[in-house]
Amino acid sequence: MRTPALTAALFCAALPALAQTASPGPTLSAVRSRDALICGAHPGAPGFGVLDSQGVYRGLDADTCRAVAAAVLGDGNKVRWVVLSSQARLPALQSGQVDVLSRTTTWTQTRDTANGLNFTAVNFYDGQGFLVRRSANVQRARDLAGATICVTSGTTNELNLADWARANNVQVQPLVFDQNEETRNAYINGRCDAFTTDASQLAGIRTALRNPAEHIILPDIISKEPLAPAVRHGDDQWFDIVRWTVFALIEAEELGITQANVDEMLTSPNPAIRRLLGVAGDHGPLMGIDRRWAYNAIKAVGNYGEVFERNLGRGSPIGLPRGVNDLWTRGGLMYAMPVR
């Protein structure tokens, strides 16, 4: 039977081990060696990943990569973008061509198991919808019976469309393309009656059309599309780094830490803020990175709410409401695990 003194001695003996910096694993070592994060990116999804007029890659997924780069390398600009089609994105991650895939990729059981991927944390909850011309006078998805519907191959959207049509006994004709741009152009050129993909992407695509008011997104959502950055199986340390970086942005919003006030927050007496920003504890070193990992990420891109509003929210051209992507304290699904 242990005495209280013995228990205390054993606890104290364990403390130095907790404070040691974890040895870098293969992915962290590779990223540090090249001094850059290689991020799998979308060829063009407004609000998530798209080149702006200055040639800068913008979007929620792009900012997620910048946050990871800042957490690991101290600089959110140390990112190399590898633009990947829907068909190429998973093999690129599996083969080591990219360090992380942050590219509107839905977390599914097959991808998480048979495809050798680990999804880290959801950075956007989405669902599949339909874009149609207002002149078609279509009100609901079931009104698309007999319609030709444009969809991109190698996506959950293609599978969901088939499942929805079968489950609802609705006959549709999929018109399948390899690239998202081809799918969009086919819809624009009138080759199909509707365009189906994630509803958030449809909102972005609609804003870029010549006359957005001539097109509507139907109210029906036919699937769950939890979008999350993914990494390869087999490197738990790297999985932890990417997952906890996403959590850090969400936690920062909940704690009121912003890109503008993060320096001021370093002096906060709030224990949760002190742990998150690396003032107290060794939470960065436990993952093999700096104590200021979360501070660096927030300084680079802001908190999750700032990232959302800048790229997708009311202040952006897309103008999406927060909805389920709001914090859990406001009725949404965004909930970060505690840093402690």
Side-chain angles (χ1 to χ4, degrees), residues 42-53 58-61 85-87 103-104 106 124-225 227 311-325:
H42 201 291
F48 290 91
V50 66
L51 288 174
D52 66 12
S53 58
R58 303 289 187 189
L60 183 142
D61 283 336
S85 68
S86 297
Q87 296 84 354
R103 185 210 171 283
T104 59
T106 301
F124 192 88
Y125 290 94
D126 212 342
Q128 185 171 335
F130 297 92
L131 181 69
V132 299
R133 291 170 181 80
R134 191 179 295 276
S135 60
N137 203 28
V138 173
Q139 303 299 318
R140 303 302 298 258
R142 291 182 65 88
D143 297 337
L144 292 170
T148 298
I149 301 178
C150 286
V151 65
T152 304
S153 66
T155 64
T156 55
N157 304 137
E158 183 182 12
L159 303 176
N160 293 335
L161 177 62
D163 285 351
W164 170 81
R166 187 178 301 111
N168 290 276
N169 195 28
V170 175
Q171 299 295 318
V172 296
Q173 180 60 50
L175 188 58
V176 183
F177 298 89
D178 290 336
Q179 304 288 341
N180 288 285
E181 187 173 356
E182 294 175 326
T183 312
R184 183 190 63 189
N185 288 338
Y187 172 76
I188 292 171
N189 294 327
R191 295 182 60 188
C192 49
D193 304 300
F195 180 7
T196 187
T197 186
D198 296 351
S200 62
Q201 291 191 52
L202 292 177
I205 290 165
R206 180 178 176 273
T207 62
L209 296 178
R210 180 173 298 175
N211 295 299
E214 294 179 0
H215 306 264
I216 61 171
I217 299 171
L218 298 181
D220 302 88
I221 298 296
I222 67 170
S223 72
K224 294 184 293 185
E225 304 294 325
L227 309 180
N311 295 298
L312 293 162
R314 301 291 193 185
S316 75
I318 297 173
L320 292 181
R322 285 291 292 270
V324 294
N325 292 293

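All values derive from a computational prediction rather than experimental measurement.
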Closest non-hydrogen atom pair, [X] against [Y]:
X    : Y    : result
T196 : G129 : OG1-O, 2.7 Å
P212 : T207 : CG-O, 3.9 Å
D220 : A141 : OD1-N, 2.9 Å
Q139 : N137 : NE2-OD1, 3.3 Å
V132 : A194 : CG1-CB, 3.7 Å

Which residues pass the side-chain hydrogen bond (donor to acceptor under 3.5 Å, both in side chains) test with [X], sequence neighbours left out?
X    : result
D198 : N157
T104 : none
R191 : none
D52  : R58

Set of ring-ring contact (aromatic ring centres under 6.0 Å, His included) partners for F130, sequence neighbours left out: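 Listed in chain order: W164.
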Looking at side-chain heavy atoms only, is the closest gap between P321 and R314 below 4.5 Å?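 P321 reaches R314 side chain to side chain.
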With side chains defined as the heavy atoms from C-beta onward, is the minimum distance between I149 and L144 less than 4.5 Å?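 They are in contact (side-chain heavy atoms under 4.5 Å apart), so the answer is yes.
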Considering only residues two or more places apart or on different chains, which pairs with a residue in residues 169-218 satisfy disulfide (SG to SG under 2.5 Å)?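 Residue pairs with at least one partner in residues 169-218: C150-C192.
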Using the test side chain to side chain contact (heavy atoms under 4.5 Å, CB included), find all partners of [X] that sit at least two apart in sequence or belong to another chain.
X    : result
R210 : none
N325 : F124, Y125, Y304, F308, M334
P219 : R140
S223 : Q128, N160, E225

What is the distance from atom [atom1] of [X] to atom [atom2] of [Y], rounded to the nearest 0.5 Å?
X    : Y    : atom1 : atom2 : value
I318 : Q201 : CD1   : CD    : 9.5 Å
D143 : L218 : CG    : CG    : 8.0 Å
I188 : I205 : CD1   : CD1   : 8.5 Å

Under the side-chain hydrogen bond (donor to acceptor under 3.5 Å, both in side chains) criterion, do S316 and N311 qualify, and how do the steps go? CA-CA 6 Å; S316 75; N311 295 298; over 6 Å; no
Mind checking whether Y187 and H215 have ring centres under 6.0 Å apart?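 Yes, the ring centres sit under 6.0 Å apart.
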Hey, can you pull the donor-acceptor pairs under 3.5 Å for the side chains in residues 170-181, sequence neighbours left out?
| residue | atom | partner | partner atom | Å |
| --- | --- | --- | --- | --- |
| D178 | OD1 | S153 | OG | 3.3 |
| N180 | OD1 | T152 | OG1 | 3.3 |

Do L202 and R206 pass the side-chain contact (heavy atoms from CB on, under 4.5 Å) test, and can you show the C-alpha distance, the side-chain angles, and the key distance before you say yes or no? CA-CA 6 Å; L202 292 177; R206 180 178 176 273; over 6 Å; no
Under the 3.5 angstrom rule, does the side chain of E158 hit a backbone N or O of G154 as a donor-acceptor pair?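 Yes, because the side chain of E158 sits within donor-acceptor range (under 3.5 Å) of the backbone of G154.
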Which pairs pass ring pair (Phe, Tyr, Trp, His ring centres under 6.0 Å) with one or both residues in residues 140-161, sequence neighbours excluded?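 Not a single pair qualifies under ring pair (Phe, Tyr, Trp, His ring centres under 6.0 Å).
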Is there a side-chain contact (heavy atoms from CB on, under 4.5 Å) between L209 and L131? Walk through the geometry before answering. CA-CA 12 Å; L209 296 178; L131 181 69; 4.3 Å; yes
